[in-house]
**Student:** 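To start, I am sharing the structure in question, which I have written as structure tokens.
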Amino acid sequence: MLEEEAVPQGIAEDLRPYSFQDVSSVASLMHLSDELNPGERGKTEIRVAGRAMLIRRQGRLIFASLVDSTGHIQLFASASETDKFDSFSQLSIGDWIGVTGVVMKTKRGEFSVAVREWTMLAENLRSFGDKWRGISDPDLRYRQRYVDLWVNPGVRETFQVRSKVVASIRRYLDGLGFMEVETPMLQTIPTGAMAEPFVTHHNALDLDLYLRIAPELFLKRLVVGGFEKVFEIGRVFRNEGISPRHNPEFTMLELYQAYVDYNDIMVLTESLVSHVVSEILGSTVVPYGSELLDFTPPWRRDTLENLVSEKLGEQISLEMDLGRLEGLLKEYDVEAKPDWGPGKKVVELYEKTTESTLIQPTFVLDFPTEVSPLARQHRDKANRVERFETFVAGRELANAFSELNDPKVQRERFEAQLAAREAGDAEAMVLDEDYLRSLEYGLPPTGGLGIGIDRLVMLLTNNQQIREVVLFPTMRPET
RNA sequence: GCGCCUCUAGCUCAAUGGCAGAGCAACGGACUCUUAAUCCGCAGGUUCUGGGUUCGAGUCCCAGGGGGCGCACCA
């Protein structure tokens, strides 16, 4: 393919260009189509670059499609006007080329670029799979995402949407005066959520460190430090099973705002999510699987106990007869562990029976204190905290509370978790002395929110699989 | 971690227990308006691995590996 150039002596053998400047995106050329009739050519020279993905050789004419990140356009090469025509006819699917020419319309009216000069930017030495069907084996698609992105329609768009979601969230929170921060991913105490951590080791300090399971306690320290509105968008790591809805590393948005409570955070959640949804999809009503999800505020609000009662057609509460509660657990096939109190039992019953039926955005309010070690006691209800989770399409999207800011109470909650841990619960929360010390300096009343970005992107791209919205999902190494 | 399903050419897929095949890609050729072009030709295999049953195994059985789904755990 390089027959026209000899290798100069004493110079790198790589004859490929090191740059190809001043290219127009394919999408930016499309408006020129209207001005041309079939057989007509534009007057100004343009340059495009991308991969040749379909090549149709027609003797002394060659049609190909050039694809870049913005779209695709037909290339039209002819023996009479295209430089290095013989080499052009030997292009492989997937070769990167840079093209100089003019826009045109073929006799059949297809908007194209007539190739005058062109240069090979990088060859594709491998197969892009079946020309029509590409690759579909999920294993191959995830391991070789760089191929998947080229051959499967929609994949590129999914990740473009993901990028826009994150950008939209940042813009929105910035507009509200929130400050974005970064807190440690390597932590000496993995806490802030109920999950098993990954362990690693720092050599110089000879110290085991954990990949964070949540940024929560560091962000609240920053509120103690005087940043009244902070947020972080970042990866967290949980050493748990992989499933269509779980990847060991995933992306969380957490935000904390001083002087507000969980009622205010509910309003913020609604407005943030509905804003992002409509900015990206142009509507607050979005198709998801066989459902139509309506993100238009206000969303349904009801307590966890009411929701599970409604579902089971029987009054469920933390204060209900314990024998009856245990009977229900049995009836719905929930295997209770001996250390579960009534709060945990009610929550498990709710998760088993009710969660998956909450399709439209729903705020589930007032969780039992027993399962919420970082949330503040409810101002009106004993044994419950001011906490909500948001459910959409049967899955948790957000988790939020009025933050517990009393250091004494927080210590008691940690100690209860410690007891659970000693009883064998590997995911019970770990006590963090420095965090307690920070609370002793005073955490103002604060509302906090966590949103799973991956799950939000799944909703906006109509994907049921987390791997479809994570560029490189966790997999076993190739054998 | 447990259960079920699956693995055949670079890709997508066929093949009653009886000669391992097709389409696309690749390679060689024809073709000046194609749109997954078409046509002719050629080549391509440790049927995931290792055992076993059988005259004979891609196919049946056992073990292992990769992947998928469900459960469990969680967000």
Side-chain angles (χ1 to χ4, degrees), chain A residues 38-39 53-65 72-82 85 89-94 104-112 114 124-144 147-148 150-152 192-197 213-214 216 235-254 333-335 337 348 351-352 355 371 389-392 394-399 425-427 450-458 464-467 470 473 475-479:
Chain A
M53 290 305 286
L54 287 174
I55 300 162
R56 302 178 287 279
R57 299 179 182 84
Q58 188 69 34
R60 308 308 285 164
L61 278 188
I62 300 166
F63 301 88
S65 33
H72 57 92
I73 192 168
Q74 177 166 273
L75 298 178
F76 177 92
S78 66
S80 53
E81 68 176 329
T82 300
F85 181 83
S89 75
Q90 287 170 41
L91 285 174
S92 298
I93 290 176
M104 62 169 287
K105 264 192 186 159
T106 62
K107 286 180 193 167
R108 292 281 181 88
E110 174 87 11
F111 184 58
S112 308
N124 172 32
L125 303 177
R126 287 176 175 267
S127 167
F128 267 40
D130 186 279
K131 180 166 72 178
W132 184 234
R133 307 218 260 183
I135 57 174
S136 57
D137 181 353
D139 185 43
L140 257 188
R141 288 186 50 228
Y142 303 142
R143 287 188 198 281
Q144 301 187 36
V147 177
D148 187 36
W150 284 100
V151 302
N152 283 318
M194 313 264 207
E196 235 183 291
I213 57 174
E216 173 149 354
R235 214 72 61 84
V236 299
F237 308 86
R238 298 187 183 178
N239 204 340
E240 286 153 3
I242 295 174
S243 85
R245 281 161 290 283
H246 301 262
N247 198 56
E249 49 179 317
F250 62 100
T251 302
M252 287 266 292
L253 161 69
E254 282 199 15
D333 216 22
V334 179
E335 207 180 319
K337 289 177 186 153
E348 290 287 333
E351 287 180 358
K352 185 82 176 192
E355 228 175 58
V371 299
E389 290 192 346
T390 307
F391 277 80
V392 185
R395 295 205 277 270
E396 183 184 341
L397 177 67
N399 182 18
D425 184 353
E427 282 163 2
I451 291 182
I453 297 296
D454 311 81
R455 292 201 171 164
L456 179 59
V457 174
M458 286 167 70
Q464 316 285 332
Q465 293 261 345
I466 196 168
R467 287 188 188 86
V470 173
M475 306 195 75
R476 280 202 173 82
E478 269 180 279
T479 45

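Numbered from 1 within each chain, the chains take letters A, B, ... in sequence-line order. Side chains are part of it too, since the values below use all heavy atoms of this structure and drop only hydrogens, waters and symmetry mates.
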**Student:** Could you work out, with side-chain contact (heavy atoms from CB on, under 4.5 Å) as the rule, every residue matching A:Arg133, not counting sequence neighbours?
**Tutor:**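 Applying side-chain contact (heavy atoms from CB on, under 4.5 Å) to A:Arg133 gives A:Asp130.
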
**Student:** I need the CD1-P distance between A:Ile242 and B:G67, as an integer number of Å.
**Tutor:** 8 Å

**Student:** When the P atoms of B:G28 and B:A9 are compared, how many Å lie between them, rounded to an integer?
**Tutor:**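 Rounded to whole Å, the distance is 24 Å.
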
**Student:** Between A:His72 and A:Leu54, is there a side-chain heavy-atom distance shorter than 4.5 Å?
**Tutor:**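 Answer no - side chains too far apart.
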
**Student:** Using the C1' atom as the point on both nucleotides, what is the distance between B:C40 and B:U47, in whole Å?
**Tutor:**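 To the nearest whole Å, 30 Å.
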
**Student:** Is A:Gln144 near enough to B:G10 that one of its side-chain N or O atoms lies under 4.0 angstrom from OP1 or OP2?
**Tutor:**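 No, because none of the side-chain N or O atoms of A:Gln144 sits under 4.0 Å from OP1 or OP2 of B:G10.
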
**Student:** Taking atom C1' in both B:G3 and B:U8, what distance in whole Å separates the two?
**Tutor:** 26 Å

**Student:** Grab the NZ-C1' distance between A:Lys105 and B:U35 for me, whole Å please.
**Tutor:** 15 Å

**Student:** Would you please confirm or rule out a distance under 4.0 Å between OP1 or OP2 of B:A37 and any side-chain N or O of A:Arg56?
**Tutor:**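 Answer is yes, contact under 4.0 Å.
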
**Student:** Counting the atoms with a prime plus P, OP1 and OP2 as sugar-phosphate, which does A:Gln465 contact under 4.0 Å by heavy atoms, base, sugar-phosphate, or nothing?
**Tutor:**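 Result for A:Gln465 = sugar-phosphate.
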
**Student:** If we take the C1' atom in both B:A57 and B:A15, what is their distance in whole Å?
**Tutor:**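 B:A57 and B:A15 have their C1' atoms separated by 13 Å.
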
**Student:** Stem ranges for RNA chain B, with three or more consecutive Watson-Crick or G-U pairs under 3.5 Å?
**Tutor:** B:1-7 with B:65-71, B:10-13 with B:21-24, B:27-30 with B:38-41, B:48-52 with B:60-64

**Student:** If the C1' atom of B:U53 is compared with that of B:C60, how far apart are they to the nearest Å?
**Tutor:**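 Going atom to atom, C1' in each nucleotide, I get 8 Å.
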
**Student:** With A:Glu348, which residues qualify under side-chain contact (heavy atoms from CB on, under 4.5 Å), at least two apart?
**Tutor:**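 A:Glu348: side-chain contact (heavy atoms from CB on, under 4.5 Å) contacts with A:Val334, A:Trp340, A:Lys344, A:Glu351.
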
**Student:** Does a side-chain N or O from A:Arg238 land closer than 4.0 Å to OP1 or OP2 of B:A75, or not?
**Tutor:** yes

**Student:** Quick check: does any side chain N or O of A:Asn399 sit under 3.5 Å from a backbone N or O of A:Glu389, one acting as donor and the other as acceptor?
**Tutor:**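 Checked: no pair found.
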
**Student:** Rounded off to whole Å, could you give me the CD-to-C1' distance for the A:Gln58 and B:C39 pair?
**Tutor:** 11 Å

**Student:** Search all heavy atoms of A:Met475 against all heavy atoms of A:Asp139 and return the closest pair with its distance.
**Tutor:** CE-OD1, 3.4 Å

**Student:** Look at the side chain of A:Gln74 and decide which nucleotide, out of B:A72, B:C33, B:U35, has an atom nearest to it.
**Tutor:**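 So the nucleotide nearest the side chain must be B:U35.
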
**Student:** Where the side chain of A:Thr106 is defined as all heavy atoms beyond and including C-beta, which of B:A75, B:C33, B:U12 is the nearest nucleotide?
**Tutor:** B:C33

**Student:** Using centres under 5.5 Å plus planes under 30 degrees as the test, is A:Phe250 stacked with B:A75?
**Tutor:** yes

**Student:** Distance check needed: B:C11 P versus A:Leu125 CG, whole Å only.
**Tutor:**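 Rounding to the nearest Å, CG of A:Leu125 and P of B:C11 are 16 Å apart.
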
**Student:** From C-beta outward on A:Arg143, which listed nucleotide comes closest to its side chain: B:G67, B:U32, B:G70?
**Tutor:**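 Taking heavy atoms from C-beta onward, the closest nucleotide is B:G67.
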
**Student:** Going by the rule side-chain contact (heavy atoms from CB on, under 4.5 Å), which residues pair with A:Asp148 if we only count those two or more places apart in sequence or in a different chain?
**Tutor:**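 So A:Asp148 forms a side-chain contact (heavy atoms from CB on, under 4.5 Å) with A:Arg141, A:Arg145, A:Asn152, A:Val155.
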
**Student:** For atom P, what is the distance between B:U54 and B:A22, given to the nearest Å?
**Tutor:** 34 Å

**Student:** Take atom C1' in B:G56 and the same atom in B:G17, then report the distance between them in whole Å.
**Tutor:** 8 Å

**Student:** Is the backbone of A:Arg467 close enough, under 3.5 Å, to the side chain of A:Asn247 for a donor and an acceptor to pair up by distance?
**Tutor:**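 No.
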
**Student:** Ignoring backbone atoms, establish whether A:Arg467 has a side-chain N or O less than 4.0 Å from OP1 or OP2 of B:G67.
**Tutor:** no

**Student:** Would you kindly compare A:Glu396 and A:Leu54 by the position of their nearest RNA chain B nucleotide and give the one closer to the 5′ end?
**Tutor:**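 Between the two, 5'-proximity favours A:Leu54.
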
**Student:** Between A:Arg238 and A:Ile213, is there a donor-acceptor pair closer than 3.5 Å when you use the side chain of the first and the backbone of the second?
**Tutor:** yes

**Student:** Would you please name every residue forming a side-chain hydrogen bond (donor to acceptor under 3.5 Å, both in side chains) with A:Arg235, sequence neighbours left out?
**Tutor:**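 Expected list: A:Glu249.
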
**Student:** Whole angstrom is fine here: how far is it from CG in A:Asp139 over to P in B:C69?
**Tutor:**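 It is 12 Å, rounded to the nearest whole Å.
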
**Student:** Do nucleotides 20-27 of chain B as a string where each nucleotide becomes B, S or -: B if the base has a protein heavy atom under 4.0 Å, S if just the sugar-phosphate does, - if no protein is that close.
**Tutor:** ---BBS--

**Student:** At under 4.0 Å between heavy atoms, what does A:Asn399 touch on the DNA or RNA strands: base, sugar-phosphate, or nothing?
**Tutor:**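 Answer is nothing: A:Asn399 stays at 4.0 Å or more from every strand.
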
**Student:** On the 0 to 90° scale, with breaks at 30° and 60°, tag the A:Phe128-A:Trp150 ring pair as parallel, tilted or perpendicular.
**Tutor:** tilted

**Student:** Could you give the CD1-to-P distance, from A:Ile466 to B:A75, as a whole number of Å?
**Tutor:**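 That distance rounds to 12 Å.
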
**Student:** Quickly work out the A:Arg133 CZ to B:G10 P distance and round it to whole Å.
**Tutor:**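 Computing the A:Arg133:CZ to B:G10:P distance gives 17 Å.
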
**Student:** Within the structure shown, what part of the strands sits under 4.0 Å from A:Ser136 by heavy-atom distance: base, sugar-phosphate, or nothing?
**Tutor:**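 The answer is sugar-phosphate, as A:Ser136 gets under 4.0 Å only of primed atoms, P, OP1 or OP2.
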
**Student:** Base, sugar-phosphate, or nothing: which does A:Lys352 touch, judged by heavy atoms less than 4.0 Å apart?
**Tutor:**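 A:Lys352: backbone/sugar contact only, no base atoms under 4.0 Å.
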
**Student:** Would you kindly give the CG-to-P distance between A:Leu140 and B:A9, to the nearest whole Å?
**Tutor:** 11 Å

**Student:** Would you say that A:Arg60 contacts A:Phe85 through its side chain, given a criterion of any heavy-atom pair below 4.5 Å between the two side chains?
**Tutor:**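 With C-beta onward as the side chain, the pair touches.
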
**Student:** Under 4.0 Å between a side-chain N/O of A:Lys107 and OP1 or OP2 of B:U35, yes or no?
**Tutor:**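 No, outside the criterion.
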
**Student:** Would you mind telling me which residue lines up with the more 5' stretch of RNA chain B, A:Gly134 or A:Met104, judged by nearest nucleotide?
**Tutor:** A:Gly134

**Student:** Heavy atoms under 4.0 Å, any strand shown: does A:Asp333 hit a base, just sugar-phosphate, or nothing?
**Tutor:** nothing

**Student:** Do A:Ser112 side-chain atoms and A:Ala114 backbone N/O form a donor-acceptor pair below 3.5 Å?
**Tutor:**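 A pair under 3.5 Å: no.
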
**Student:** Could you work out the separation of B:U6 and B:C61 based on their P atoms and round it to a whole Å?
**Tutor:** 10 Å

